[in-house]
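Okay, so here's the structure we're looking at.
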Amino acid sequence: MTTKEATFEYLLRLGDNALILGHRLSEWCGHGPVLEQDIAMTNIALDQVGQARSLLQYAAQIEGEGRTEDQLAYTRDVMQFRNLLLVEQPNENFAHTIVRQFFFDAFNFPLYQGLARSKDEHLKAIAEKSLKEITYHLRYSSEWVIRLGDGTPESHKKMQDAVDELIIYTGELTTADEVDLMMAEAGIAPALEQVHTAFDERLNAVLQEATLNRPKPSYMQSGGKDGRMHTEYLGYILAELQFVQRAYPNMEW
Amino acid sequence: MTTKEATFEYLLRLGDNALILGHRLSEWCGHGPVLEQDIAMTNIALDQVGQARSLLQYAAQIEGEGRTEDQLAYTRDVMQFRNLLLVEQPNENFAHTIVRQFFFDAFNFPLYQGLARSKDEHLKAIAEKSLKEITYHLRYSSEWVIRLGDGTPESHKKMQDAVDELIIYTGELTTADEVDLMMAEAGIAPALEQVHTAFDERLNAVLQEATLNRPKPSYMQSGGKDGRMHTEYLGYILAELQFVQRAYPNMEW
Amino acid sequence: MDQPTNHTIEDQFQARIDAEERIEPKDWMPEAYRKTLIRQISQHAHSEIVGMLPEGNWITRAPSLRRKVALLAKVQDEAGHGLYLYSAAETLGAERDELLEELITGKAKYSSIFNYPTLTWADIGAIGWLVDGAAIMNQVPLCRCSYGPYARAMVRVCKEESFHQRQGYEIMLTLARGTATQKQMAQDALNRWWWPSLMMFGPNDADSKHTAQSMAWKIKRFTNDELRQRFVDITVPQAEFLGLTVPDPSLRLNEETGHYEFGEINWDEFWQVVKGEGPCNRQRLKARRKAHEEGAWVRDAALAYAEKRRKRKEAAAAKTQVA
Amino acid sequence: MDQPTNHTIEDQFQARIDAEERIEPKDWMPEAYRKTLIRQISQHAHSEIVGMLPEGNWITRAPSLRRKVALLAKVQDEAGHGLYLYSAAETLGAERDELLEELITGKAKYSSIFNYPTLTWADIGAIGWLVDGAAIMNQVPLCRCSYGPYARAMVRVCKEESFHQRQGYEIMLTLARGTATQKQMAQDALNRWWWPSLMMFGPNDADSKHTAQSMAWKIKRFTNDELRQRFVDITVPQAEFLGLTVPDPSLRLNEETGHYEFGEINWDEFWQVVKGEGPCNRQRLKARRKAHEEGAWVRDAALAYAEKRRKRKEAAAAKTQVA
């Protein structure tokens, strides 16, 4: 794999994470537990889909085959997506949604801090712009993890269940594979060990304050970012996301 | 509208009812409350999709434009579907599913008894073949309405809630419009008043034995069979149903 | 009888209104004025909230990333409008929780337009163009409403809603200039949303019981029919520019008056939908009820946590004092 | 020591087995024989039930009505197989409810193959071809299993499963002869399902603790490795006929033995999935648990109604007698 190919793969990963998680959050629109949280989640979704646009545009540019952000978002199928397994997990309930968000933000924040120092100027610019948004996302999700973990016995249980279920998807976030290593080598992305340290500390700090237990799972799931084996959820996400473009191809919207 | 055009519309109605309701039932596969009911619902779904094939094949033939059953099922969008509003209602829970099925079967059985005397030989043959299946479906759904209506207080409440919610979709079943009148006029389909009488008696008898109240709604919803205004549910059904053909058009499967 | 020296408090209030003065929360106001404003403002707030549903219905299926972002932003704005409006209602003594309870029990009303289903992507264009267009027609005069908090909320809302309307129109334009299929999709959406949009202006003036008093109190500046006529006059040329046909065979431009004459609204349908018998009334309420019920544990937890924090702070402060 | 006149009941039992006699429910059997059969039969039943999930996952998205009908029929057959097998287990004294409880609590095992996700339509073809193919390889010998009810259940199952396998292969053929995209989809599915299908035959003989006793009791007729080899020998030519490549660089035909040599299975992955750490283990159990919990009110109602009916009949009979 050349550095250019690896960069394309990497940008797809970043873009698909933002797109799929933003899409998942947007499913809450009009159904949130409180008006203010409906607004907050919609706001985060908005930021993420905006980030996805920038990243997929740049990915298309790097690929150099004349594809657009929309072609990447709307005409790839499951086996070609490169998002983490974590972000395709279903909303389930507000606890699951908040825990999924927190796990992602706790990883994404140090990642983007590193990307804001990227040797790739274009990616650096995207990261600098996104960092403000991601800083807010992390604060929001951390606060809610604490609020719900240390709220009522019912909220505590729902949160602990969500943590126990989603923890097995966190390993993939910070386990480096060939693409990650090439990106770190080229100074395009930070080394995942550093991201992991920050992620790890953040998890410990927030879960502790939330009076939640941090499970030590015997294994971690993977197969999302390398596209090897997504979950059965992704196909349904894409069926909705892509339907209009698939049914009415090659038109302007 | 010519008789041929009306016949095409009418066949679409019959075919889309079978397709959409069969599709809804198939969503239960592997998730039923008891293995025997999983099998039963899957069996009904199987019958219905099979009926849909026969009806849509014949519809395509009548239309005379060389379309196939699959083109009708997989490349029409919401505004072109002609199923009743009742059949696109979500599964919600087993009570809703059984009530939806019963309301439909109580209408479909006398309808098909009438269609089995159709002056259209092809439709008559389809109806004769389907009547055995529909007779079973009606017996199954009636038995379950009674079992759940007269089961426990919890099941009774769930069933009454489902009846109260779905009753407003029953008017459309037996309210004749231009197409229905033309079909009755041509001896292709039975007059809906007769179907209504049988439907009405069946509802009274079964709901009474089920100790369920039959609400008298102040209005009825319509817009499904004439395609004027489907519900927001249908678009999502089609996004799943049609995705593979939309994403990979003009291929053999 | 002429009583030049009679200055009841009601008279003083009306004089302030007539002088175009703003009534603020701490000012005296007739109970009926307060009640009618609570009703109108809360209905407006409920409309913004319920309105998130038909539009939110197409976020996951928006056909381009740019449209997805724009629709997310629009719906977010609407939620924000709901917040301002509930706050405005609260300045009159209403409680948001009670207002929300009235919404989900079906006691409170919201704009009937949101009881129609969004069936295609073109519906999103039609809603932005027609529904926001009609809303703006209603709302611009409200920026000069006599009640301060409501007027100020309207200024903020109108600014954002103008942008939304332009975006909706731009969607319609893209479709109308697109393929034959897209143009047909746009025409079909116009066919389904035209009459319900006209209904947004309410009953004819003769049948509108609230209007007279609302105009006397300068809550309302123009009558239903005046606003409806203005909307038609502005919108029909926009449809023509799109190359689409307004689904009204009676529509014709009266060269003398310069106004468009249009057909009779189906008042049976209007009252049915107001009564709760529209295509989506039950689904909308069910969705709001479900969100509320399923969110109870979240709201309870937030309260419990806030209480715990408060107690910890008190305890910490007490310790500091002792030490 | 040689004891020609020793006829313990265990010896008699083994003699019957050796004589290829069928053991029926009322016959004496060693407790260990009963236990091992309950374990094996219930695992088989659980596999049929859980197996409905990965395949059921594509019913709503089946790309033609013919395929939709076929897949519905296949999954219905599998549920039916589950029923037969639970009934067979019940003849040994097991209770279906207890067995189901063990499944959803994760105590009981089911075939690991169903812990892999179905990601494309081609997976449905691959499952029919490979997974049913492997299952048949296991099940045909079971038709001669010493325990009557299990053997007879297997005869019924095998008949339907052969049909399923042909259908699955026919799906693969359609894809392989289709467009380049479809052929790639088929190849990708083969890449993902090949090794897990080989794993369906269990650990190597050397590591398989149950095999010796199961073979002595003629529950098992061939070893894991024997069956696996047979499967590879039959299936590789089928893949070649499809024009697809088996994802095993070590695969080669040994001209002398006539058998295919193949690469080492990833036993770490095998044990991980068995242990519950596969891609879908948790989702499968969660789905079964949810179906069970949400269905409780239905089962309760059915019982309550049956009880009411019984009482009414008794009351009616009593009345008749009195009269």
Side-chain angles (χ1 to χ4, degrees), chain A residues 19 22-43 45-50 52-53 56-57 68-70 72-74 93-95 98 144 146-156 158-159 237 240-245 247-248 250-253, chain C residues 45 48-73 75-80 82-83 86 96 100 120-121 171 174-175 177-179 181-182 185 284 287-288 290-292 294-306 308-309:
Chain A
L19 176 61
H23 181 97
R24 271 294 192 219
L25 275 181
S26 80
E27 291 172 1
W28 273 101
C29 215
H31 307 289
V34 170
L35 194 49
E36 283 83 349
Q37 302 329 314
D38 223 305
I39 294 174
M41 286 193 290
T42 306
N43 190 40
L46 184 52
D47 289 344
Q48 292 180 322
V49 181
R53 295 194 65 198
L56 293 178
Q57 276 169 25
T68 64
E69 78 199 47
D70 284 339
L72 288 177
Y74 290 88
N93 59 37
F94 194 68
I98 286 295
W144 275 96
I146 292 165
R147 191 171 286 135
L148 297 176
D150 193 20
T152 59
E154 180 181 10
S155 70
H156 180 91
K158 282 175 151 70
M159 288 296 284
I237 290 174
E240 263 185 53
L241 201 159
Q242 302 182 342
F243 184 76
V244 178
Q245 281 241 15
Y248 305 98
N250 307 315
M251 301 183 195
E252 291 294 314
W253 296 98
Chain C
E48 296 283 354
I49 301 317
V50 177
M52 292 167 72
L53 294 172
E55 295 188 280
N57 188 39
W58 277 88
I59 292 173
T60 55
R61 292 173 293 172
S64 76
L65 296 185
R66 180 171 76 100
R67 295 296 185 198
K68 202 176 182 80
V69 162
L71 190 52
L72 273 161
V75 175
Q76 189 191 5
D77 283 351
E78 278 150 22
L83 270 188
Y86 285 125
R96 200 209 310 187
L100 289 174
T120 75
W121 169 250
I171 289 173
T174 306
L175 296 174
R177 290 179 172 170
T179 64
T181 300
Q182 286 176 302
M185 198 189 280
R284 300 295 182 231
R288 292 306 313 155
K290 185 169 187 266
H292 191 75
E294 290 184 356
W297 73 269
V298 176
R299 297 187 300 273
D300 292 345
L303 280 172
Y305 177 77
K308 285 185 191 181
R309 266 192 80 156

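The chains referred to below are lettered A, B, ... by the order of the sequence lines, with proteins before strands, and numbering in each begins at 1.
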task: Decide yes or no on side chain to side chain contact (heavy atoms under 4.5 Å, CB included) for A:R147 and C:V298, but give the supporting numbers first.
output: CA-CA 9 Å; A:R147 191 171 286 135; C:V298 176; over 6 Å; no
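- Per-residue heavy-atom pair counts under 4.5 Å with chain A were compared for C:K290, C:M52, C:R66, and the maximum is reached by C:R66.
- A donor-acceptor contact closer than 3.5 angstrom links the side chains of C:T174 and C:R67.
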query: Could you walk me through whether A:F94 and A:M41 pass the side chain to side chain contact (heavy atoms under 4.5 Å, CB included) check?
result: CA-CA 11 Å; A:F94 194 68; A:M41 286 193 290; 3.7 Å; yes
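- A:V34 touches chain C through its side chain: at least one heavy atom from C-beta onward sits under 4.5 Å away, while N, CA, C and O do not.
- Considering only heavy atoms from C-beta on, C:Q182 comes within 4.5 Å of A:W253 through its side chain.
- Heavy-atom pairs under 4.5 Å with chain A were tallied for C:A79, C:G82, C:G56; the largest tally goes to C:A79.
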- request: For A:E252 and C:R177, run side chain to side chain contact (heavy atoms under 4.5 Å, CB included): C-alpha distance rounded to whole Å, both residues' side-chain angles, the deciding distance at 0.1 Å, then the answer.
  value: CA-CA 9 Å; A:E252 291 294 314; C:R177 290 179 172 170; over 6 Å; no
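- Between chain C and the options A:E69, A:E27, A:K158, heavy-atom pairs under 4.5 Å are most frequent for A:K158.
- Both the backbone and the side chain of A:I146 come within contact range of chain C, with heavy atoms under 4.5 Å apart.
- Taking chain A as the reference chain and counting heavy-atom pairs below 4.5 Å, the highest number among C:A62, C:A287, C:G51, C:A70 is found for C:A62.
- For C:W297, the ring-ring contact (aromatic ring centres under 6.0 Å, His included) criterion is met by no residue, not counting sequence neighbours.
- With a 4.5 Å cut-off on non-hydrogen atoms, A:A95 touches chain C through its backbone and its side chain both.
- Between C:W121 and A:Y248, the distance separating the two ring centers is not shorter than 6.0 angstrom.
- With a threshold of 4.5 angstrom between heavy atoms, C:Q76 approaches chain A through its backbone and through its side chain.
- A donor-acceptor pair is defined here as one N or O able to donate and one able to accept, closer than 3.5 Å; such a pair exists between the side chain of A:Y74 and the backbone of C:S64.
- When each of A:M251, A:Q245, A:H31, A:E154 is checked for heavy-atom pairs under 4.5 Å with chain C, A:M251 comes out on top.
- Using a 4.5 Å cut-off between heavy atoms, A:I237 makes no contact with chain C at all.
- Interface remark: C:L100 contributes no atoms to any contact with chain A (heavy atom separation under 4.5 Å).
- A 4.5 Å side-chain heavy-atom check between A:T152 and C:Y305 finds every atom pair outside the cut-off.
- Contacts between A:A73 and chain C at a heavy-atom distance below 4.5 Å involve the side chain alone, from C-beta outward.
- Interface remark: of the candidates A:P33, A:C29, A:A52, A:A45, A:P33 forms the most heavy-atom pairs closer than 4.5 Å to chain C.
- Counting heavy atoms from C-beta outward, A:W144 and A:M159 have side chains that stay 4.5 Å or more apart.
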field: Audit row: A:D150, C:K308, side chain to side chain contact (heavy atoms under 4.5 Å, CB included) steps and yes/no
entry: CA-CA 9 Å; A:D150 193 20; C:K308 285 185 191 181; 2.9 Å; yes
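- Residue A:W28: no heavy atom, backbone or side chain, is found under 4.5 Å from chain C.
- Ranked by non-hydrogen atom pairs under 4.5 Å with chain A, the options C:L53, C:L83, C:I59, C:V75 are led by C:L83.
- The most heavy-atom pairs under 4.5 Å with chain A, out of C:T60, C:L72, C:V69, C:T179, come from C:T60.
- Residue with the most contacts toward chain A among C:E294, C:H292, C:R288, C:E55: C:R288 (heavy-atom pairs, distance under 4.5 Å).
- Looking at C:R96 and A:L35, their side chains come closer than 4.5 Å, going by heavy atoms from C-beta outward.
- Of the atoms belonging to C:L65, heavy atoms from both backbone and side chain fall under 4.5 Å from chain A.
- Interface check for chain C: of the options A:V244, A:L46, A:D38, A:N250, the most heavy-atom pairs under 4.5 Å are formed by A:L46.
- Contacts between A:F243 and chain C at a heavy-atom distance below 4.5 Å are absent for every atom of the residue.
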